[in-house]
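Encoded as C-alpha cells, the structure appears first; notes follow it.
All ligand and atom numbering here is 1-based and tracks the order in the structure.
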Amino acid sequence: MKILFHDKFLLHNVDSPAEGAYRIKEFTDIENTYVNGEPFVQLVHTNEYIYSVKQACYANEIVAEVQLTKDSYEDACIAAGLAVKASLKGDFAVIRPPGHHAGRETAAGFCLFNNIAIAAQKLVNEGKKVFILDIDGHHGNGTQDIFYDSKEVLFCSIHQEGVYPYSGFAIETGKGEGFGYTMNFPLEAGRGDKEFLDRVDKAIKRAIEFEPDVIGVSAGFDGYEKDRLLGLKYTKRGFYECAYRLSKSFKNKTIFAVLEGGYHDDIRPLVESFIEGIEIGGRPPKARFNEDMAIG
Ligand SMILES: [Zn+2]
C-alpha cells in the first residue's frame with residue numbers, strides 16, 4: 001500500500017482551522033502523483049452539479065463551509081483521480097477535499113465530489129462488488145445515499161452519534177435491491193478502540209458473507225483521541241488494528257483507502273499506522289504495540 005499524494009492539495013481552502021491545508025503538510029516529501037479524475041466524476045455526479053461546482057470554484061464562492069478557488073476545482077478532480085488510481089493496486093490516496101458527505105448533487109461538510117463513491121462506481125461498472133468501510137468519525141451520508149439501493153456495494157459506517165450530519169442510525173439499512181447492504185454503527189462520544197474494533201469485526205463478518213472483490217476504506221481520522229471536532233477516543237493502535245483485521249480477513253483482495261476527515265496534526269503517523277496494519281505479514285497488534293498500550 002503506497003501513499004498517493006499531490007502537493008497541489010495544499011492550495012485548497014488553505015487557511016481554514018478545520019479542513020485546512022495544515023492537515024496534510026507533513027506529506028510534502030511524498031512524490032507527486034497526478035491523475036486528472038474529471039472524466040470519472042460523472043460516474044457518480046450529474047453534469048449539472050459538476051458544472052455548478054466548477055462555476056462556484058471559479059467565482060471564489062463559499063460552499064459547504066469551504067472557501068473555494070479555481071485550485072479547489074483542480075484539487076477536487078485530482079482527488080477523484082487518485083481515489084480511482086488507489087483502487088487499482090490497493091494504495092492510500094491522501095487527498096483534499098474529502099468526499100464522503102457529498103451526494104450526487106450536493107456539496108456538504110467540506111466535500112465536493114465523493115471520491116470513494118467514484119472509485120467504487122467505476123469498479124461496479126467493471127462487474128465488481130465493493131465493500132466500503134467508512135471509519136471517519138462522522139457518518140458517511142453521501143456515500144450511503146449514492147449506494148442506498150445498490151446490492152453491488154456494501155456500505156458500513158462507524159461514527160459518533162448525535163453530531164453532523166445527524167444521520168447514520170442503525171435502522172438505516174438500505175432500500176429496494178440494496179436492502180441489507182447498508183450498515184450503520186453509531187457510537188456515543190467517549191468511546192474508544194474497544195468499541196470501534198468490535199464494530200469493525202461486525203462489519204467484516206457481514207462483508208465476508210458479501211464476498212467483495214475490492215475493499216475501499218473511507219479513512220477519516222477524526223475518531224482519533226486528539227481530534228478537535230469530535231469526541232471519540234480511538235488511538236493510533238486502533239487504526240493499526242482495524243487495518244490489520246481487514247488485511248487478515250481479505251488476504252487476496254485489493255484493499256485501498258482514501259483520506260476523509262481528521263482535524264489535528266497527527267494524520268501522517270495515523271496513515272502510516274494504518275498502512276503498516278494492512279501490509280500482509282504485518283505483526284499482530286500485540287507484538288507491534290507494547291502491553292502498556294493494550295486495549296482493555
Ligand atoms: Zn469526519
Name of the Asp222 atom (N/O/S only) found closest to the Zn ion (ligand 1): OD2
task: Would you kindly say whether Gln144 and Asp134 are connected by a side-chain donor-acceptor distance under 3.5 Å?
output: no
In one Ile/Leu/Val/Met/Phe/Trp/Tyr side-chain cluster, 4.5 Å: Tyr164, Val63: no
- line: Here the N/O/S atom of His138 closest to the Zn ion (ligand 1) would be ND1
Heavy atoms of other groups near Lys85 NZ, more than 12 under 6.0 Å: no
query: For Ser72, which of Lys54, Gln67, His12 qualifies under side-chain hydrogen bond (donor to acceptor under 3.5 Å, both in side chains)?
result: His12
task: Give the atom name of whichever N/O/S atom in Asp136 sits closest to the Zn ion (ligand 1).
output: OD1
